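Below is one structure, written out as structure tokens, with a few remarks after it.
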2 protein chains.
Amino acid sequence: MAAKPLRADAERSVRAILDAAQRVLSENPTASMEQIAEAAGVARTTVHRRFANREALLRAMGLWAWQRIKEAIEAARPMTAPPMVALHQATANVLAVKDSWTFALDNADATDPETEAVRAEVAALRDNAFAGARDAGIFAPDADLAWLARVYIALISESVHGQDEAGDPDVLATRVLDTLLHGFGPRT
Amino acid sequence: MAAKPLRADAERSVRAILDAAQRVLSENPTASMEQIAEAAGVARTTVHRRFANREALLRAMGLWAWQRIKEAIEAARPMTAPPMVALHQATANVLAVKDSWTFALDNADATDPETEAVRAEVAALRDNAFAGARDAGIFAPDADLAWLARVYIALISESVHGQDEAGDPDVLATRVLDTLLHGFGPRT
DNA sequence: GGGGACTGCATCATCAATGTAGCAAGAAAA
DNA sequence: TTTTCTTGCTACATTGATGATGCAGTCCCC
């Protein structure tokens with residue numbers, strides 16, 4: 001992707017368009033390019049200059065958002081920090097990103113190899129962390145890690161749905177992990 | 001809604017259109033009315049005769065799907081059967097409906113009073129069942145029922161995502177409830 | 001400061017989707 | 001059987017999104 005080093009103002013335009021697209025499309029997924037341009041504070045033709053068509057814009061959004069997810073996980077030092085600490089930190093970081101890139105993350109183009117590469121890295125980090133946590137006794141030894149990962153992601157998605165909630169990432173992360181570990185049954 | 005009793009063939013058309021719309025739109029949410037008509041095996045003008053515009057079609061889909069959810073829950077006799085049995089049965093029934101109406105359920109028009117009425121009934125049944133289950137000792141006495149309900153719905157949605165899985169509703173329901181109750185931590 | 005990159009604006013062309021209308025043929029209901 | 005409803009088809013009008021182009025003014029960077 002990073003083929004041509006853009007000039008500073010062009011870079012700014014791209015960022016503004018991506019931000020606006022996330023904002024507008026999460027409200028109305030069928031919004032026109034013109035509405036996105038308006039929200040970004042640029043002319044419609046500028047959007048077309050940077051992104052040949054809607055598909056290209058969607059692709060760029062997905063790639064951008066998934067890269068930020070990857071950064072969020074890596075910032076938690078999942079390979080070196082103690083498992084439970086890393087788990088909490090990564091969850092909190094991811095929640096912060098997910099909160100404002102839900103649309104892009106959920107609608108990333110699954111046929112774009114670049115985006116898929118990043119997603120694969122994220123998946124590897126995640127699976128690795130879960131396997132380590134299981135070995136550390138945090139999860140049950142016979143836990144279904146594939147189902148566990150899906151539940152984990154679902155809990156994160158659900159956590160950022162509630163627009164009414166305060167949304168302190170640390171509080172939300174605590175709740176996610178508590179639910180993931182213990183569920184809602186009576187605790188003996 | 002049931003204002004005019006439709007003739008048998010018209011009724012059949014409406015059903016075919018709703019089915020086709022669910023099928024086509026879940027693949028491509030921006031599909032045209034023409035694509036839906038084609039999938040339904042009717043002419044485009046027939047779709048327009050039954051549904052003035054896209055919005056009306058979406059509204060009808062949402063209402064229809066939520067009514068089926070309500071039936072699925074009531075069929076489990078949540079007020080009379082033992083809590084755990086009702087919970088399992090309702091979950092399995094809902095999974096079956098959700099599996100083939102995800103799009104309609106997720107995109108139901110929140111501003112349509114008819115649909116909202118059905119959703120409210122469903123929410124009441126659900127909340128009631130959860131409160132009963134908590135009183136019966138199935139859930140912890142201090143469980144956050146609002147968060148519990150959201151997690152429950154998220155688990156159901158996640159369960160029908162996996163297209164590769166076999167998808168026996170009873171198996172899936174068991175997994176949903178097991179996860180909901182115990183999570184993935186080590187069991188003492 | 002100067003050359004090149006970038007933007008806003010105005011314009012134009014095209015296309016797909018939408019929505020309406022009328023009519024002849026067929027299906028359902030009485 | 002007769003009446004009424006429903007459908008497919010064809011035709012047409014309209015609208016909105018899309019995408020391309022050119023140019024004058026502005027901003028970056030060397």
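The model shown is predicted, which means the values in this text are computed figures rather than measured ones. Chain naming here is simple, since letters A, B, ... match the order of the sequence lines and numbering starts at 1 in each.
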Tell me whether the side-chain N/O atoms of [X] come closer than 4.0 Å to OP1 or OP2 in [N].
X	N	value
A:Arg50	C:dT7	yes
B:Arg12	C:dA28	yes
B:Ser13	D:dT7	yes
A:Thr46	C:dT7	no
B:Arg49	C:dG19	no

Could you tell me the separation between the [atom1] atom of [X] and the [atom2] atom of [N], rounded to a whole number of Å?
X	N	atom1	atom2	answer
A:Glu55	D:dG19	CD	C1'	15 Å
B:Glu11	C:dA27	CD	P	19 Å
A:Ile17	C:dC6	CD1	P	13 Å
B:Ile36	C:dG19	CD1	C1'	15 Å
B:Asp9	D:dT4	CG	P	16 Å
B:Phe51	D:dT7	CZ	C1'	15 Å
B:His48	D:dT15	NE2	C1'	13 Å

Shortest side-chain distance from [X], nucleotide among [options]:
X	options	answer
B:Asn53	C:dG19, D:dT7, C:dA29	C:dG19
A:Leu6	D:dT18, C:dC6, D:dG8	C:dC6
B:Arg44	C:dA29, C:dT7, C:dT18	C:dT18

Report yes or no: is there a donor-acceptor pair, N or O only, under 3.5 Å between the side chain of A:Arg7 and the base of D:dC27?
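A donor-acceptor contact between them is present.
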Students often get this wrong, so: under 4.0 angstrom with heavy atoms, is B:Arg54 touching a base, only sugar-phosphate, or nothing?
sugar-phosphate
Under 4.0 Å, heavy atoms only, any strand: does A:Thr45 hit a base, just the sugar-phosphate, or nothing?
base
Heavy-atom side-chain contact between A:Phe184 and B:Ile138 under 4.5 Å
no
Is a side-chain donor-acceptor pair under 3.5 Å present for B:His88 with B:Asp170?
yes
Is the distance between the ring centroids of B:Tyr152 and B:Phe130 less than 6.0 Å?
yes
Any ion pair linking B:Arg68 and B:Glu71 (charged N to carboxylate O, less than 4.0 Å)?
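A salt bridge is absent here (no side-chain N lies under 4.0 Å from a carboxylate O).
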Around atom CD of A:Glu116, are there more than 12 heavy atoms from other residues, nucleotides or ligands closer than 6.0 Å?
yes
On DNA chain C, nearest-nucleotide positions of B:Met33 versus A:Gly41: which is more 5'?
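Counting from the 5' end, the first nearest nucleotide belongs to A:Gly41.
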